[in-house]
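Hydrogens, waters and symmetry mates play no part in the numbers below; they use all other heavy atoms, side chains included.
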Amino acid sequence: MARHLITSALPYINGIKHLGNMVGSMLPADVYSRYLRQRGHEVLYICATDEHGTPAELAAKEQGLPVADFCAQAHDAQKAVYDGFDLAFDYFGRSSSEQNVEITQHFARKLHENGFIEERAIRQVYSPTDGRFLPDRYVEGTCPHCGYDKARGDQCENCTRVLDPTDLINPRSAISGSTDLEVRETKHLFLLQSKLQREVMEWVARHDGVWPHLASSIAHKWLTEGLHDRAITRDLDWGVPVPADTWPELAAEGKVFYVWFDAPIEYLGATKEWSDIDPSTRDWKSWWYEVDTDVRYTQFMAKDNVPFHTVMFPATELGIREPWKKVDFVKAFNWLTYYGGKFSTSQKRGVFTDQALEILPADYWRYFLIANAPESDDSSFTWEHFTATVNKDLADTLGNFVNRVLSFSKKRFGEEVPAGGEPGEAEAKLGEEISRLLAEYEEHMEALQFRKAAAALRALWSAGNSYLEEKAPWLEIKTDKDGAALTLRTAMNLIHLYAVVSEPFIPSTSAAMRQAFALKDDTATWVSPDEAKSLTAVPVGTPFTVPPVLFAKLTDEDLEAYKERFGGEAA
């Protein structure tokens with residue numbers, strides 16, 4: 001059985017992430033990791049904060065903090081939110097770690113030895129006031145295309161046009177605000193991707209028909225346009241230093257590697273961080289080095305990250321000529337929008353993950369986001385849709401089923417699973433239906449089709465309600481007490497089944513359902529479709545308690561309050 005290595009795109013250090021970021025990488029990776037663990041697979045789920053680059057320095061400056069202190073605090077703040085969402089990382093690292101510095105510098109040296117890194121002179125904006133060259137994002141000004149006066153030197157956020165710093169009207173330093181800028185010659189390292197084009201194309205082609213269409217189409221588009229040599233160093237104070245033993249002149253000038261060079265390497269770096277905690281029992285290279293057939297590697301990301309993971313980082317891995325593990329499956333997502341418009345961290349538009357947890361527990365968000373994951377196309381978050389989904393699927397279909405079964409049984413039969421009655425045609429029919437739906441759920445989870453998996457899970461919950469309505473134990477008990485006991489006992493077994501198989505989606509709620517039954521030996525991590533047919537995991541006489549309401553119904557007043565706080569439409 002192959003071991004499963006799972007990574008999600010590294011969240012950038014600059015600010016708490018919004019719901020679109022959560023559903024585009026970390027949450028589906030967590031759902032898949034949980035599912036695989038329940039099925040008995042060995043899984044390592046790795047993520048980290050992406051801490052280098054211009055925005056980190058600018059954010060630190062804005063807060064009046066040294067950049068290292070800012071990143072340390074921001075890392076802890078993000079990790080607290082992800083803990084709140086019940087993301088079960090095996091390790092959540094930092095791209096500024098010593099381990100990532102070590103591996104990034106090793107990769108750079110090997111690329112240089114193999115002829116894939118070249119030192120080139122380029123012309124770049126220099127600020128005499130600041131006494132330094134300015135990376136693209138350190139230059140601000142007015143966009144020549146739309147007139148936006150806060151455009152950056154790499155891109156205008158307003159019209160999204162790609163820019164060069166010299167394109168800007170009235171350019172100024174983002175550090176000091178100085179308009180006294182010059183263009184001077186400086187040297188940088190370039191990754192010669194053009195020399196690796198054929199190898200990358202052949203590698204990508206081997207995954208045609210395996211990767212989702214979104215990932216494959218983006219990779220092929222970039223390859224068709226041709227790979228260009230790319231500068232992989234910057235003039236920044238914060239980043240992985242260029243190693244002095246290989247490039248002494250550039251190291252003396254304080255050059256650091258470009259964030260998009262070292263960030264993907266942090267997947268390895270974070271694994272080494274995890275391993276270094278207990279090297280006697282953890283071997284990071286056993287997940288990454290010479291493990292092509294032993295480890296299945298799955299990456300999760302939004303579509304804007306696809307080129308870096310399917311073209312640029314593979315070019316790096318191919319160029320070092322060492323047997324490091326490359327991705328087997330790229331699960332790419334489209335955008336989650338806010339009322340059809342973009343979530344925006346900088347413009348505070350949409351719902352952010354810390355705010356979401358202030359309003360409602362994590363399972364409300366986990367279920368809604370995965371059930372509406374932007375897989376085949378963009379999907380839109382609206383408060384109306386969110387409220388309707390919570391009320392229909394979570395409060396009515398699942399929560400109400402659990403509450404009325406346990407409450408009614410406690411009222412009429414006491415606090416133990418009731419005895420009486422023998423399973424008949426209705427129970428056999430239910431068992432077959434549950435078995436079929438569970439197999440469908442497994443099939444979609446194995447294929448990483450999350451919306452379809454959520455629909456199958458919802459259908460499992462609905463099957464319990466249909467059985468309960470058909471048997472109507474509140475009427476049955478008037479004429480056939482044993483029959484009512486059988487119905488409630490069967491429904492309780494459904495609750496236990498739901499607790500087990502719903503755990504990837506709603507882990508806290510699943511734990512509450514499972515803990516409702518005082519089973520002497522409840523070690524099941526999964527229930528197979530064949531096992532599910534019998535519905536006998538919770539035997540007669542098992543003590544139970546009625547848990548608090550699992551999901552509160554959201555009211556019209558709640559809906560209006562949410563829209564007032566966050567806005568009911570995109571800006």
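- You'll find the ring centres of His75 and Phe92 inside the 6.0 Å limit.
- The backbone N or O of Val259 lies less than 3.5 Å from no partner atom in the side chain of His52, so there is not a single donor-acceptor pair.
- Taken from CG in Leu19 to CG in Leu336, the straight-line distance is 7.0 Å, to the nearest 0.5 Å.
- The pair Arg37-Asp90 counts as a salt bridge, with a side-chain nitrogen and a carboxylate oxygen less than 4.0 angstrom apart.
- Note that NE2 of His220 is 10.0 Å distant from NE2 of His213, once rounded to the nearest 0.5 Å.
- Within a 6.0 Å sphere centred on CD of Glu62, heavy atoms belonging to other residues, nucleotides or ligands number 12 at most.
- For Lys303 and Asp378, the salt-bridge test passes: some basic side-chain N is under 4.0 Å from an acidic carboxylate O.
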Inset, instruction - Using the salt bridge (charged side-chain N to carboxylate O under 4.0 Å, His left out) rule, take Arg94 and Asp50 through it: C-alpha gap first, then chi angles, then the decisive distance, then the call. - result: CA-CA 7 Å; Arg94 302 181 59 188; Asp50 179 4; over 6 Å; no
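- Within the model, atoms OG1 of Thr310 and CD1 of Ile218 stand 7.5 Å from one another, a figure rounded to the nearest 0.5 Å.
- Arg39 and Glu442 are joined by a salt bridge, as a carboxylate oxygen and a charged side-chain nitrogen come within less than 4.0 angstrom of each other.
- Between the Asp558 side chain and the Thr555 main chain, a donor and an acceptor come within less than 3.5 Å of each other.
- Crowding of Glu564 atom CD: a count of heavy atoms from other residues, nucleotides or ligands under 6.0 Å not exceeding 12.
- No donor-acceptor distance shorter than 3.5 angstrom exists from the side chain of Trp526 to the backbone of Leu36, with no hydrogens or angles considered.
- Here Asp86 does not pair with Arg366 in a salt bridge; the nearest charged N to carboxylate O distance is not below 4.0 Å.
- The pair Glu443-Lys452 does not count as a salt bridge, with every side-chain nitrogen at least 4.0 angstrom from each carboxylate oxygen.
- For Phe89 and Tyr45, the ring centers are positioned less than 6.0 Å apart.
- Tyr339 and Glu384 form a side-chain donor-acceptor contact under 3.5 Å, judged by distance and modelled atom types alone.
- The two residues Cys146 and Cys156 come nearest to each other via the heavy atoms SG-SG, 3.6 Å.
- Annotation: His385 is in aromatic contact with Phe368 [ring centroid separation under 6.0 Å].
- For the pair Lys331 and Phe333, the cation-pi criterion (under 6.0 Å, within 45° of the ring axis) is fulfilled.
- Across all their heavy atoms, Cys71 and Ile13 have their closest contact at O-CD1, 3.5 Å.
- Between the side chains of Tyr267 and His309, at least one donor N or O lies within less than 3.5 Å of an accepting N or O.
- In the model, Asp276 has a side-chain atom that pairs as donor or acceptor with a side-chain atom of Gln99 under 3.5 Å.
- A donor atom on one side chain and an acceptor atom on the other are found under 3.5 Å apart for Asp262 and Asn100.
- The two residues Lys61 and Ala174 have their closest heavy-atom pair at NZ-O, 4.4 Å.
- Counted by atom type alone, Thr382 and Tyr338 present zero donor-acceptor pairs between their side chains at under 3.5 Å.
- Side-chain contact between Leu196 and Leu227 is absent, with no heavy atoms from C-beta onward closer than 4.5 Å.
- Aromatic ring centres of Phe566 and Trp383 lie closer together than 6.0 Å.
- When each of Phe352, Phe343, Tyr12 is tested with Lys17 by the rule side chain to side chain contact (heavy atoms under 4.5 Å, CB included), just one qualifies, namely Tyr12.
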Legend entry - Criterion side chain to side chain contact (heavy atoms under 4.5 Å, CB included) on Gln124 and Asp235, from CA distance to verdict: CA-CA 10 Å; Gln124 189 175 338; Asp235 293 283; 3.4 Å; yes
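- Taking the charged nitrogens against the carboxylate oxygens, Arg296 and Asp328 have no contact shorter than 4.0 Å, which rules out a salt bridge.
- Without hydrogens or angle criteria, Trp365 side chain to Ala356 main chain gives a donor-acceptor distance under 3.5 Å.
- Considering only heavy atoms from C-beta on, Arg230 comes within 4.5 Å of Met312 through its side chain.
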Inset, instruction - Carefully, step by step, assess Val291 and Leu5 under the rule side chain to side chain contact (heavy atoms under 4.5 Å, CB included). - result: CA-CA 11 Å; Val291 291; Leu5 175 64; over 6 Å; no
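- Between the side chain of Tyr498 and the backbone N or O of Ser510, no donor-acceptor pair lies under 3.5 Å.
- Geometrically, Lys79 does not engage Tyr82 in a cation-pi contact, judged by NZ or CZ lying under 6.0 Å from the ring centre and within 45° of the ring axis.
- Taking all atoms of both residues into account, the shortest heavy-atom contact from Val306 to Ala215 is CG1-O, 3.7 Å.
- With respect to the salt-bridge test (charged N to carboxylate O, under 4.0 angstrom), the residues Arg152 and Asp136 do not qualify.
- For the residue pair Tyr367 / Arg458, a side-chain donor-acceptor distance below 3.5 Å is found, with atom types taken as modelled.
- With Lys325 contributing its side chain and Tyr289 its backbone, the two residues share no donor-acceptor pair below 3.5 Å.
- Between Leu214 and Asn334, some side-chain heavy-atom pair lies under the 4.5 Å cut-off.
- Panel note: side chain Thr387, backbone Leu554; no donor-acceptor pair is recorded below 3.5 Å.
- A salt bridge does not link Lys150 to Glu140: none of the charged nitrogens lies less than 4.0 Å from a carboxylate oxygen.
- The structure places CG of Asn21 at 9.5 Å from CH2 of Trp335, a figure rounded to the nearest 0.5 Å.
- In the model, Ser502 has a side-chain atom that pairs as donor or acceptor with a side-chain atom of Trp461 under 3.5 Å.
- Side chains of Gln299 and Tyr297: a donor on one and an acceptor on the other come within 3.5 Å.
- Under the 4.0 Å criterion applied to side-chain N and carboxylate O atoms, Glu266 and Lys272 are not assigned as salt-bridge partners.
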Legend entry - Check against side chain to side chain contact (heavy atoms under 4.5 Å, CB included), Phe308 and Met301: CA-CA 10 Å; Phe308 299 101; Met301 69 200 67; over 6 Å; no
Legend entry - Worked verdict on Glu273 versus Glu98 for side chain to side chain contact (heavy atoms under 4.5 Å, CB included): CA-CA 9 Å; Glu273 293 172 56; Glu98 293 179 5; over 6 Å; no
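- The CG atom of Asp149 sits 11.0 Å away from the CG atom of Leu168 when rounded to the nearest 0.5 Å.
- The aromatic ring centroids of Trp324 and Phe107 lie less than 6.0 Å from each other.
- Rounded to the nearest 0.5 angstrom, Phe257 CZ and Ile265 CD1 are separated by 8.0 Å.
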